[in-house]
Peer 1: 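The structure under discussion is supplied below as structure tokens; questions concerning it will follow.
Heads up: numbering here begins at 1 and tracks the sequence. Since this is a predicted model, take the numbers as computed values, not measurements. Atoms considered below: every heavy atom in the structure, side chains included; atoms not considered: hydrogens, waters and symmetry mates. Note that ligands are numbered from 1 as they come in the structure, with each ligand's atoms numbered from 1 the same way.
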Amino acid sequence: MFMCKILQQIETPIVEFTELFSRAIGNDTDIVNKEMYTFEDGKQREFVSLRPEGTAAVVRAAVRNYSTDLPQRFYYHGPMFRRERPQKGRYRQFTQFGVECLGDSHPYADVETIALAHTILSSLHVRHETDLRLNSLCDDETRSDHRRLLIDFLHSNHDQLSELSQTRLKTGNVLRILDSKDLGDQSCVQHAPSLLSVATPASKDRFAQVCEGLDALGITYCVDHQLVRGLDYYTSSVWEFTTTRLGAQAAVLAGGRYDNLASTLGSKHRVESIGWAAGVDRLALLMKACNANPPRPPPVLWVVHALEHGAAATDTDIQKECLRLCHRLRSHGITVEYRHAEGSLRKQLRTAQRNGACAVAVVGERELLGKSVVIKNMLTGFQESIPNTDEIVLPYVQTLFADSSSDGEVLV
Ligand code: HAM
């Protein structure tokens, strides 16, 4: 689905030391407090956890291995684990696809990162079913000024808060009260001072640049002052793509900027970074709910043999030539299918068509002897015989594939 040209794939372990997550995500968050699967590890008596998300480990790995070569963009996908009460769209094991851009502090990096998420949702035909909610957690100075004002506000409205929010106020975890699910809390915090209303000029200006960049790309969003996200590493821009089609599990893709995370994890340098992760299970449910067509698979060329039982070439000679052709094309990155055991040409062509072949390469006795191959474009039906050399066959097939460009493919 994704042809990643400028993103590098990164894989991190599924089991990590618990400390990585508690330092990165924060000890007072629901994820670390209640949702991690944590075990004491044998003789060393160290605690390890199943990863609840991907960002912390990507930053840890990148700081160790790429710190002299930034900015870098990474993508990953794989299972994450959170102790949840399972329900539709909320699982204890779920899959995330994530993107992390490390070492780029420009507001337009925020715009491009959000735009990439927007493009991917569009290519899955679900973007129109989502809303982009955007906020800024501003800079350190704003957050500490805001915190004082928010604590005053919450104390003076203490009795209107839910029990959980009262506890959070007592323990100092006040920002999370802003995105409480409790209806009473929600109506109370509507009147709370927003971060942006007390932001420093630099923070306000940065957020304006992000908004202007999104406007320039025609990406619509609504600023949601209550959006704070449940992970402590965020700074500045945060956002969520939410849907009304999946009941309570509204967020299908979410992310934000985390300029301090690398330093929290021990980097000597500040590595300003930004990223997001999509819930693959929720995206699949959303695609089903709105009957979205799955993206078209990448084009495939089928090699077929025409066994004519002639005198000059045996079936084995022809099939060996087919094998050679497959091997040559595959080693140049072309996806090729060849059903060795199938007999009749007509049957092979029917199978190729049924499986969505973009083109078919036919090798029979005439082609073997004449060092040629017949290529048939399965979309137009046009076919021609061309010399069977890499110089001719490769660009011919590549052009054919480019012409049948698939709309589900995202080049990033
Ligand atoms: P998150 O909001 O915790 O962010 O998760 C991202 C997405 O994963 C959610 O929007 C949702 O679609 C999906 N998700 C989360 N929990 C579950 C669950 N229990 N079952 C099914 N799907 C779920 C993060 O994880 C951050 N690491 C995102 C990020 C990357 N921020 C910066 N870079």
Peer 1: Where the side chain of Thr29 meets the backbone of Gly230, is there a donor-acceptor pair that is under 3.5 Å apart?
Peer 2: no
Peer 1: Heavy atoms under 4.0 Å from ligand 1: which residues qualify?
Peer 2: Glu53, Thr55, Arg82, Glu84, Gly89, Arg90, Tyr91, Phe94, Gln96, Glu100, Arg229, Tyr233, Tyr234, Ala251, Val252, Leu253, Ala254, Gly255, Gly256, Tyr258, Gly275, Trp276, Ala277, Gly279, Arg282
Peer 1: Test of understanding: with side chain to side chain donor-acceptor pair (under 3.5 Å), list the residues that count as partners of Thr38, not counting sequence neighbours.
Peer 2: Ser49
Peer 1: What pairs with Ser105 under side chain to side chain donor-acceptor pair (under 3.5 Å), at least two apart in sequence or on another chain?
Peer 2: none
Peer 1: Please output the side-chain donor-acceptor pairs of residues 279-287 that fall under 3.5 Å, not counting sequence neighbours, one pair per line with the distance.
Peer 2:
residue : atom : partner : partner atom : Å
Asp281  : OD1  : Thr95   : N            : 2.8
Arg282  : NE   : Gly89   : O            : 2.6
Arg282  : NH1  : Ala251  : O            : 2.8
Arg282  : NH2  : Gly89   : O            : 3.1
Arg282  : NH2  : Gln249  : OE1          : 3.4

Peer 1: With rounding to the nearest 0.5 angstrom, report the CZ to CZ distance, Arg92 to Phe81.
Peer 2: 12.0 Å
Peer 1: Carefully, step by step, assess Asp232 and Ile25 under the rule side-chain contact (heavy atoms from CB on, under 4.5 Å).
Peer 2: CA-CA 5 Å; Asp232 280 358; Ile25 301 169; over 6 Å; no
